[in-house]
Amino acid sequence: MSTDLKIYCEKHKFTYSDFDIYDRIVPSVLLRLCQDIAGRHSEFAHVGYHDLLDQGALWIISKMYFKLLGKIEYGKEYTIKTWAHKKRLIYFPREYEICDENGEKVMIGISMWHIFSLRERKILNPATLNLANFDDFNVEYSNFDSTNILFSKELENFEGEKVISHLVTYTELDHNHHMNNTHYADLALDSIPDILEINRDLNELKILFLSECSKGDIINTLYMKDGSEHNIRGVRDDGTNVFVACFNFKGEN
C-alpha cells in the first residue's frame with residue numbers, strides 16, 4: 001500500500017473466480033477493484049464514506065470507462081493505482097491504472113463521481129461540505145486527453161432487442177440500500193446475445209449510471225449493436241432509464 005496522498009497504490013493478485021470461461025478478466029471485477037481502491041484512497045484523505053456520511057452525504061459514481069492494454073492473468077502480481085483530479089464544479093474525476101510486474105500498463109480507467117445528499121438523494125454543491133483535504137491530493141497527470149466521458153444522447157433512448165428482465169435482489173445491494181454499480185456490468189454483459197461465441201478479449205467498457213434501483217425493482221435490458229460496439233440500456237418497469245453500457249471487443253469490425 002502506498003501512503004502517498006496524490007497517487008495511491010496497492011498490490012493485487014487476481015483469483016480464478018475473477019475470470020470467465022475463456023480466462024478473460026470479468027469486467028465487473030475491474031469495476032469493483034476500482035471502486036474499492038477509490039474508497040480506501042478517499043478514506044486515507046479523510047473524505048471517505050464515513051467522513052461524508054457524518055455530513056449527511058454520499059459519494060455516487062455517474063460514469064466509468066476503462067481500456068485494456070494488455071492481458072491480466074491469474075497468479076501474477078499487479079499494481080493498481082488511483083488518483084483524483086481537481087473537481088469540476090460538481091464533478092470529481094478520478095483515474096485508475098493497473099501495471100504488471102514489469103511496470104507495463106495493462107489497464108487504464110477513469111470515472112466521474114458526485115456527492116449526493118443522504119436524505120434528498122440530490123447532487124450537493126461541494127462548497128457546502130468539509131472537503132479540506134481534497135485539494136491536497138489532486139493530480140494533473142492523465143492517461144486521457146480529457147477527463148470527460150462522452151455518451152451520445154441517442155444511447156439513452158434507443159429501441160433495441162429486449163433481452164433480460166432482472167429482479168434486483170438483496171445480495172446486490174450496497175450500503176446505500178441500492179443495487180451496487182458493479183452489478184450493472186454483469187447484467188449488461190449477460191445481455192449481449194451469443195456472448196458465449198465472442199471468444200475475444202475485451203477492449204473497452206463504458207458505463208453511464210442514470211438512476212438507482214432498490215430491492216424488488218425490475219430492470220429490463222435492451223440490446224443494440226452499432227459497428228463493433230455492443231450497447232445495452234437498462235430500463236426499470238416504470239420506464240426510468242437505469243444505465244447504458246457500451247462494450248467493445250478486440251478484433252471486431
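What you are looking at is a predicted structure, and each value in this text was computed from that prediction instead of being measured.
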Exam field: side chain Asp20 to backbone Asp23, donor-acceptor pair closer than 3.5 Å: yes

Trp59 side chain to Val47 backbone, donor-acceptor under 3.5 Å: yes

Neighbour count above 12 (heavy atom, 6.0 Å) for Lys250 NZ: yes

Distance-minimising heavy-atom pair for Met107 and Gly109: CE-N, 4.0 Å

Criterion side chain to side chain contact (heavy atoms under 4.5 Å, CB included) on Tyr223 and Asn231, from CA distance to verdict: CA-CA 6 Å; Tyr223 171 81; Asn231 302 302; over 6 Å; no

Cluster overlap Tyr16 with Val29, hydrophobic side-chain contacts below 4.5 Å: yes

Heavy-atom donor-acceptor pair, Asn102 side chain to Glu104 backbone, under 3.5 Å: no

Leu131 side chain near Ile115 side chain, heavy-atom distance below 4.5 Å: yes

Candidates His166, His178, His183, Lys215 - the one meeting side chain to side chain donor-acceptor pair (under 3.5 Å) with Glu172: His166

Short side-chain to backbone donor-acceptor contact, Lys122 and Leu124, under 3.5 Å: no

Derivation of the side chain to side chain contact (heavy atoms under 4.5 Å, CB included) call for Tyr141 and His85: CA-CA 8 Å; Tyr141 165 71; His85 289 281; over 6 Å; no

In one Ile/Leu/Val/Met/Phe/Trp/Tyr side-chain cluster, 4.5 Å: Ile207, Leu222: no

Between His12 and Glu77, a side-chain donor and acceptor under 3.5 Å: no

Gln35-Thr182 side chain donor-acceptor pair, cut-off 3.5 Å: no

Hydrophobic cluster membership, Val26 vs Ile195, 4.5 Å side-chain cutoff: yes

Shortest non-hydrogen contact between Met64 and Ile61, atoms and distance: CB-CD1, 4.2 Å

Atom pair CG/CG of Leu189 and Leu205 - distance to nearest 0.5 Å: 8.5 Å

Hphob cluster co-occupancy, Leu173 + Ile219, side-chain heavy atoms under 4.5 angstrom: yes

Backbone of Leu150 reached by a side-chain donor or acceptor of Lys206 within 3.5 Å: yes

Close side-chain approach of Asn130 and His46, heavy atoms under 4.5 Å: no

Ring-face cation contact, Tyr96 with Lys81, 6.0 Å cut, 45° max: no

Distance-only polar pair, side chains of Thr79 and Lys11, donor-acceptor under 3.5 Å: yes

Non-hydrogen atoms of Val168 and Met179 that approach each other most closely: CG2-SD, 3.9 Å

Plane angle bin for Phe44 and Tyr8 - parallel if under 30°, tilted between 30 and 60°, otherwise perpendicular: tilted

Neighbour count above 12 (heavy atom, 6.0 Å) for Leu89 CG: no

Pairwise distance OG(Ser62) to CD1(Ile90) - rounded to 0.5 angstrom: 9.0 Å

Among Phe92, Tyr91, Phe209, the one residue meeting ring pair (Phe, Tyr, Trp, His ring centres under 6.0 Å) with His114: Tyr91

Any side-chain donor near an acceptor of the partner, Asn143 and Lys67, under 3.5 Å: no

Heavy-atom check, side chain of Arg40 versus side chain of Glu10, under 4.5 Å: yes

Only pairs under 3.5 Å count here: list side-chain donor-acceptor contacts from residues 237-248, not counting sequence neighbours, and write none if there are none.
| residue | atom | partner | partner atom | Å |
| --- | --- | --- | --- | --- |
| Asp237 | OD1 | Asn220 | ND2 | 2.8 |
| Asp238 | OD1 | Thr240 | N | 3.0 |
| Asp238 | OD1 | Thr240 | OG1 | 2.9 |
| Asp238 | OD2 | Arg236 | NH2 | 3.4 |
| Asp238 | OD2 | Thr240 | OG1 | 3.4 |
| Thr240 | OG1 | Arg236 | NH2 | 3.4 |
| Asn241 | OD1 | Arg233 | NH1 | 2.6 |
| Asn241 | ND2 | Glu156 | O | 2.7 |
| Asn248 | OD1 | Asn203 | ND2 | 3.2 |
| Asn248 | ND2 | Ser228 | OG | 2.9 |

Sequence-distant partners of Asp36, side chain to side chain donor-acceptor pair (under 3.5 Å), two or more places apart: none

Criterion salt bridge (Lys or Arg N to Asp or Glu O under 4.0 Å) on Asp201 and Lys71, from CA distance to verdict: CA-CA 8 Å; Asp201 290 334; Lys71 187 78 172 177; 3.2 Å; yes

Check: Gly103 main-chain N/O paired with Asp100 side-chain donor or acceptor under 3.5 Å: yes

Side chain to side chain, Glu212 and Arg121, heavy atoms closer than 4.5 Å: yes

Path from Ile110 to Tyr184 over hydrophobic side-chain contacts below 4.5 Å: no

Heavy-atom neighbours of Tyr22 OH exceed 12 at 6.0 Å: yes

Partner of Thr82 by side chain to side chain donor-acceptor pair (under 3.5 Å), out of His41, Arg94, Glu97: Arg94

Side-chain H-bond candidate by donor/acceptor type, Glu204 with Tyr65, under 3.5 Å: yes

Backbone N/O of Leu187 and side chain of Asp190: donor-acceptor pair under 3.5 Å: no

Non-hydrogen side-chain atoms of Leu69 and Ile108 separated by less than 4.5 Å: yes

Any donor-acceptor pair under 3.5 Å from Thr221 side chain to Ile164 backbone: yes

Shortest non-hydrogen contact from Ile218 toward Ser165: CG2-CB, 4.3 Å

Taking every non-hydrogen atom, the tightest pair across Ala185 and Leu31: CB-CD1, 3.5 Å

Ile192 vs Ile232, side chain to side chain contact (heavy atoms under 4.5 Å, CB included): CA-CA, chis, key distance, verdict: CA-CA 8 Å; Ile192 298 176; Ile232 299 92; 3.8 Å; yes

Exam field: side chain Glu101 to backbone Tyr78, donor-acceptor pair closer than 3.5 Å: no

Side chain to side chain, Ile98 and Leu30, heavy atoms closer than 4.5 Å: yes

CG on Leu52 to OG on Ser42, rounded to 0.5 Å: 8.0 Å

Donor-acceptor pair, side chain of Asp18 and main chain of Thr15, under 3.5 angstrom: yes

Which atom of Phe14 lies closest to which atom of Ile25, heavy atoms considered: CD2-CD1, 3.6 Å

Side chain to side chain contact (heavy atoms under 4.5 Å, CB included) between Glu95 and Cys34, worked out: CA-CA 9 Å; Glu95 287 197 46; Cys34 290; over 6 Å; no

Pro27 vs Leu202 side-chain heavy atoms within contact, under 4.5 Å: yes

Validation row: Leu210, Leu208 side chains within 4.5 angstrom (heavy atoms): yes

